Amino acid sequence: MDLTVAADRAALDKARDELGPGRIALVPTMGALHEGHRSLMRLAREHADHVVVSVFVNPLQFGPDEDFSRYPRTFEADLRVCEEEGVRVVFTPSADDMYLPDRQVEVSAGGMGGVVEGAFRPGHFDGVLTVVLKLFNLVRPDVAVFGQKDAQQLALIRRMVADLDVPVSIVGAPTVREPDGLALSSRNRYLSEADRRTALALSRALRAGAARGQTAGPAGILDAARAVLEEAARFDPPLLLDYLILADPATFAPAGDDHRGEAILAVAAKVGTTRLIDNVVLTL
Ligand code: AMP
């Protein structure tokens with residue numbers, strides 16, 4: 001079946017009507033699609049009859065010093081990916097179509113939006129939740145798929161759906177990695193070869209922490225991961241650590257020594273001008 005490109009909300013409404021009966025799964029993205037996005041589309045197909053992908057670089061979730069203007073935009077290639085993955089509709093609104101000039105109301109990510117990743121990116125999660133809720137209202141999916149790669153985002157979307165009674169099921173998808181461990185990201189294309197070698201320390205640190213988790217508690221896990229990151233701080237270019245945390249995967253509160261069950265080991269760091277995040281889920 002053919003792929004329909006809907007460039008504004010009127011076109012989306014028409015395309016949605018033409019889908020006919022069946023469940024709809026939405027995969028929200030910012031484009032520059034890679035294997036990680038493909039895996040979300042495949043998972044979406046398992047949960048619904050029709051897959052809708054949105055491609056929208058959301059200005060609301062970028063800070064003033066972040067990479068909004070240089071964020072990679074690869075529209076033609078993205079359409080081919082969607083076509084190959086059997087996607088029925090690609091929704092590619094403009095910022096003007098999404099946001100009214102006199103808009104006032106936004107979703108607040110609350111306290112949980114201000115910790116960990118949110119402490120380094122003020123307002124980021126408010127922007128994410130606002131655009132995701134708008135996409136839910138526009139596409140009206142039965143299911144929406146998000147990557148575990150952005151673990152705090154996934155947790156906050158689950159929180160929003162529960163707190164605001166949003167009628168959509170949220171499915172989390174595992175992180176897709178390069179063979180050497182680097183988590184796929186649209187931002188990886190900013191990395192030089194030397195940057196990339198340094199960037200590998202993120203996944204290496206998470207593996208070191210996870211390996212220690214077999215026998216050690218939170219402090220031992222963090223020590224093992226931190227040792228790898230400290231070594232990479234002496235590489236050329238250096239790894240510049242924003243945070244390393246062991247946290248409760250639902251709340252992102254720090255996991256203390258008495259924490260039992262799942263915990264998320266999450267890291268964020270800059271390599272040159274590129275900011276990368278990664279995480280693994282452990283059972284304590
Ligand atoms: P983005 O285009 O970066 O906003 O990501 C769109 C969706 O793809 C989000 O739900 C991300 O969590 C997910 N995603 C990004 N990278 C990966 C990856 N390496 N593996 C799985 N999902 C990913």
Side-chain angles (χ1 to χ4, degrees), residues 25-47 51-63 66-68 70-75 77-79 81-82 85 87 90-93 95 98 116-117 121 124-136 139 141 143-161 168-191 196 199-200 202-203 206-207 249 252 264 266-268 274-281:
L26 171 66
V27 180
T29 80
M30 298 204 299
L33 302 179
H34 51 64
E35 270 307 315
H37 298 114
R38 282 187 193 261
S39 76
L40 267 52
M41 295 174 203
R42 288 179 203 144
L43 191 57
R45 287 179 66 181
E46 290 176 23
H47 286 268
V51 177
V52 177
V53 168
S54 60
V55 174
F56 180 59
V57 185
N58 174 31
L60 231 55
Q61 70 188 69
F62 287 79
E66 294 182 4
D67 57 347
F68 174 70
R70 69 171 190 133
Y71 195 83
R73 288 160 171 90
T74 60
F75 185 59
D78 291 350
L79 290 188
V81 168
C82 290
E85 297 302 336
V87 171
V90 180
F91 179 43
T92 61
M98 283 298 270
V116 191
E117 184 70 3
R121 303 187 71 185
H124 169 68
F125 288 119
D126 296 349
V128 168
L129 294 187
T130 299
V131 81
V132 167
L133 186 61
K134 284 168 69 73
L135 290 168
F136 287 171
V139 177
V143 182
V145 184
F146 296 87
Q148 176 66 33
K149 162 81 167 31
D150 297 281
Q152 193 173 358
Q153 167 176 293
L154 174 59
L156 276 163
I157 288 164
R158 290 192 197 280
R159 207 52 267 164
M160 173 176 77
V161 163
V168 57
S169 308
I170 303 301
V171 173
T175 300
V176 177
R177 298 175 181 281
E178 302 279 7
D180 61 11
L182 184 70
L184 295 188
S185 163
S186 303
R187 290 186 170 97
N188 289 353
R189 64 188 76 204
Y190 299 149
L191 300 173
R196 207 182 169 291
L200 280 179
L202 270 78
S203 55
L206 298 178
R207 281 200 304 276
F252 273 73
I264 187 152
V267 63
T274 307
R275 189 168 180 282
L276 300 168
I277 62 171
D278 199 355
N279 69 82
V280 286
V281 178

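Whatever order the structure lists them in is the order used to number ligands and atoms, beginning at 1. The structure displayed is predicted, hence computed values, not measured ones. Throughout, numbering of the chain's residues begins at 1 and tracks the sequence. We use all heavy atoms of the structure for the numbers below, so side chains are in, but hydrogens, waters and symmetry mates are not.
For atom 6 (C) of ligand 1, the closest non-hydrogen atom on the protein side is Pro28 O, 3.4 Å. Among protein heavy atoms, the minimum distance from atom 3 (O) of ligand 1 is reached at Tyr71 OH, 3.9 Å. With hydrogens left out, the protein atom closest to atom 5 (O) of ligand 1 is His37 NE2, 3.4 Å, a heavy atom. Counting protein heavy atoms only, atom 23 (C) of ligand 1 is closest to Lys149 CB, 4.1 Å. In terms of protein heavy atoms, atom 10 (O) of ligand 1 is closest to Gly147 N, 2.8 Å. From the protein, the heavy atom lying nearest to atom 12 (O) of ligand 1 is Asp150 OD2, 2.6 Å. Regarding atom 22 (N) of ligand 1, its nearest protein heavy-atom neighbour is Leu40 CD1, 3.4 Å. Among all non-hydrogen protein atoms, the one lying nearest atom 20 (N) of ligand 1 is Val176 N, 2.9 Å.
Of the polar atoms of Leu184, at least one N or O is found under 3.5 Å from an N or O of ligand 1, judged by distance alone. Inclusion of Phe146 in the set of residues having an N or O under 3.5 Å from an N or O of ligand 1 is not warranted. An N or O contact shorter than 3.5 Å links Met30 to ligand 1 by distance. Considering backbone and side-chain atoms together, Ala183 places no N or O closer than 3.5 Å to any N or O of ligand 1.
Phe252 does not carry Arg159 over the face of its six-membered ring by the limits of under 6.0 Å from the centre and within 45° of the normal.
A salt bridge links Glu66 and Arg121; the closest N-O separation between the charged side-chain nitrogens and carboxylate oxygens is under 4.0 Å. Under a 4.0 Å N-O distance rule, the pair Arg177/Asp278 qualifies as a salt bridge.
Counting all heavy atoms, side chain and backbone alike, Gly31 lies closest to Asp78 at CA-OD2, 3.3 Å. In plain terms, the two heavy atoms of Val128 and Gln153 that are nearest each other are CG1-OE1, 3.7 Å.
Only the side chain of His34 comes within 4.0 Å of ligand 1, counting heavy atoms alone; its backbone N, CA, C and O stay farther away. Contact annotation for Pro174 and ligand 1: only backbone heavy atoms (N, CA, C, O) come within less than 4.0 Å of the ligand.
Separation of atoms OG (Ser39) and NZ (Lys149) is listed at 12.0 Å; rounding is to 0.5 Å. Distance check: Asn279 CG to Gln148 CD gives 5.0 Å after rounding to the nearest 0.5 Å.
Within the 3.5 Å criterion, the main-chain N or O of Ala44 finds no donor-acceptor partner in the side chain of His47.
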